[in-house]
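A quick write-up on the structure given underneath.
Any value given below was found using the heavy atoms of this structure, including those in side chains, with hydrogens, waters and symmetry copies removed.
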Amino acid sequence: MHDSDTSVQTTLRIPGNWAHPGELIERMPTGFRITPEALFLPDGTEIELIPMPPDERFAEVFESSCRRPATTDELARVRNYTVNIALCGPGGSLTATEKMMQAGAAIIQAGGAGVFIDNSGMSHGGSDWIEMTEDATSDAVSFAFVSIIQGQHEVWTMGMHVLGYPEFVMRRSDADAHQDALIDVVRYVCRGDKPIGDGHLLADELSLRFQAVATPNEKFSPGMPMYNPFGRLKLVSIRDVGEAN
């Protein structure tokens, strides 16, 4: 398990239609405390809080980015939100990410409609977010934060840096042939059993399947929410590795 990387900042946006700041403060769950600049968890963890005004495009982006469909009520509140509560805190480890999940759940319990994650461009309805927070397993956390993008030629992850790991990419044809391969790798890595690095061989109960090969990450620049300082690994079919040699 990685220690929290100070270069990774997790940013959540939680829309709500509170009439005034006092309403949000009054509805915060027991043990949580909020000020104009920060949210404090029951254990004293401080997370930066930034109220943001409505944006005419946000509701559409939120709905189209939901991993699972949000409820009718949640989407109605997103469409009519009056403020976006941005929560900014450290990432780079499962522990840090769990803190951010708890912070997001607290704002939802106080009336937030759902969570949009800047680091992966993915959103969740409030009820789904609370369910994943209560689950708190590595599978639930990775499902919450890591999106899988399907391109014409490649399939790749986005958001692994929030948990402290590199992104993974594989050819679209390999992903189509082994449909759960990328998801299985994400779950395996996030459990923290064994690290996967350049040259690592991945196998199932039948045979060797892939080799992890370090590959450039040119999609995002340092400082951008989706930039992964832990790098990027391409999962190359063992068949292709053999043919190359």
Side-chain angles (χ1 to χ4, degrees), residues 10-18 23-24 27 29 51-89 91 94 97-152 154-163 167-170 172 175-176 178-187 190 225-226:
T10 305
T11 300
L12 311 179
R13 301 186 195 217
I14 306 171
N17 49 10
W18 300 280
E23 183 182 2
L24 172 59
R27 297 175 65 179
M52 302 174 67
D55 179 294
E56 63 181 16
R57 295 186 62 247
F58 179 79
E60 180 182 349
V61 171
F62 181 97
E63 184 171 356
S64 65
S65 304
C66 281
R67 181 152 218 173
R68 292 189 295 217
T71 68
T72 301
D73 174 68
E74 289 164 349
L75 291 177
R77 282 187 284 150
V78 172
R79 295 187 192 106
N80 296 288
Y81 81 102
T82 57
V83 63
N84 231 338
I85 301 297
L87 298 177
C88 302
L94 184 61
T97 305
E98 288 173 345
K99 300 291 186 185
M100 292 301 294
M101 292 194 76
Q102 293 167 19
I107 300 295
I108 289 169
Q109 289 175 293
V115 175
F116 178 84
I117 306 165
D118 281 19
N119 308 84
S120 59
M122 186 164 56
S123 56
H124 302 276
S127 55
D128 275 350
W129 187 267
I130 289 176
E131 181 181 334
M132 292 183 292
T133 302
E134 292 175 346
D135 185 326
T137 62
S138 60
D139 283 355
V141 176
S142 63
F143 186 85
F145 281 90
V146 181
S147 62
I148 295 179
I149 313 299
Q150 296 191 23
Q152 185 176 357
E154 291 184 328
V155 178
W156 65 92
T157 63
M158 191 157 58
M160 290 289 289
H161 56 305
V162 173
L163 293 101
E167 304 295 350
F168 292 93
V169 59
M170 63 193 305
R172 179 66 185 265
D176 289 342
H178 308 279
Q179 293 191 0
D180 293 330
L182 197 55
I183 294 174
D184 289 343
V185 169
V186 169
R187 296 175 71 181
C190 293
M226 295 176 181

**Q.** Sub-4.5 Å side-chain heavy-atom contact between C190 and V141
**A.** no
Q: Taking salt bridge (Lys or Arg N to Asp or Glu O under 4.0 Å) as the test, write out the residues that go with R67, two or more places apart.
A: none
Show every donor-acceptor pair shorter than 3.5 Å between a side-chain atom in residues 106-115 and any protein atom, with sequence neighbours excluded, or say none if there are none.
none

Q: Go through the structure and list residues passing salt bridge (Lys or Arg N to Asp or Glu O under 4.0 Å) with D73, not counting sequence neighbours.
A: R77
**Q.** Shortest non-hydrogen separation from L182 to F168 and the atoms involved
**A.** CD1-CB, 3.8 Å
Q) If you round to the nearest 0.5 Å, how far is CD1 of I130 from CG of D135? A) 13.5 Å
Q: For E60, check salt bridge (Lys or Arg N to Asp or Glu O under 4.0 Å) against everything at least two apart and list the hits.
A: none
Q: Give a yes or no answer on whether the side chain of N17 reaches the backbone of T82 with a donor-acceptor pair at less than 3.5 Å.
A: no
Q: Taking all heavy atoms of S127 and all of T71, pick out the closest pair and write down the distance.
A: OG-CG2, 4.1 Å
Q: Determine the sole option in L12, V146, V162 for which the side chain to side chain contact (heavy atoms under 4.5 Å, CB included) test with N119 is passed.
A: V162
Q. Roughly how far apart are E63 CD and E74 CD, rounded to 0.5 Å?
A. 11.5 Å
Q. What is the distance from atom CE of M226 to atom OG1 of T11, rounded to the nearest 0.5 Å?
A. 11.0 Å
Q | Contact list for residues 118-128, test salt bridge (Lys or Arg N to Asp or Glu O under 4.0 Å), sequence neighbours left out | A | R13-D118, R68-D128
Q: Can you measure from OG1 (T137) to CG (L94) and round to the nearest 0.5 angstrom?
A: 9.0 Å
Q. What pairs with D176 under salt bridge (Lys or Arg N to Asp or Glu O under 4.0 Å), at least two apart in sequence or on another chain?
A. R172
Q. With sequence neighbours left out, what residues match T157 under side-chain hydrogen bond (donor to acceptor under 3.5 Å, both in side chains)?
A. E167
Q: Using the test side-chain contact (heavy atoms from CB on, under 4.5 Å), find all partners of S123 that sit at least two apart in sequence or belong to another chain.
A: F62, S65, C66, F116
(Q) If I take atom CE from residue M100 and atom OG1 from residue T10, how far apart are they, to the nearest 0.5 angstrom? (A) 5.5 Å
Q.
Can a donor-acceptor pair be found, under 3.5 Å and without considering hydrogens, that links the side chain of S147 to the backbone of S120?
A. yes
Q | Of all pairs that satisfy salt bridge (Lys or Arg N to Asp or Glu O under 4.0 Å), the ones with a partner from residues 100-114, not counting sequence neighbours | A | none
Q: Quick one: closest heavy-atom pair of A144 and H124, and the distance?
A: O-NE2, 2.6 Å
Q. For F145, which residues count as a ring-ring contact (aromatic ring centres under 6.0 Å, His included) partner, sequence neighbours excluded?
A. W129
Q. For F143, which residues count as a ring-ring contact (aromatic ring centres under 6.0 Å, His included) partner, sequence neighbours excluded?
A. none
Q) To the nearest 0.5 Å, how far apart are CD in E98 and CE in M101? A) 8.5 Å
Q | 4.5 Å side-chain heavy-atom contact, T133 and Q102 | A | yes
Q: Go through the structure and list residues passing side-chain contact (heavy atoms from CB on, under 4.5 Å) with D184, not counting sequence neighbours.
A: D180
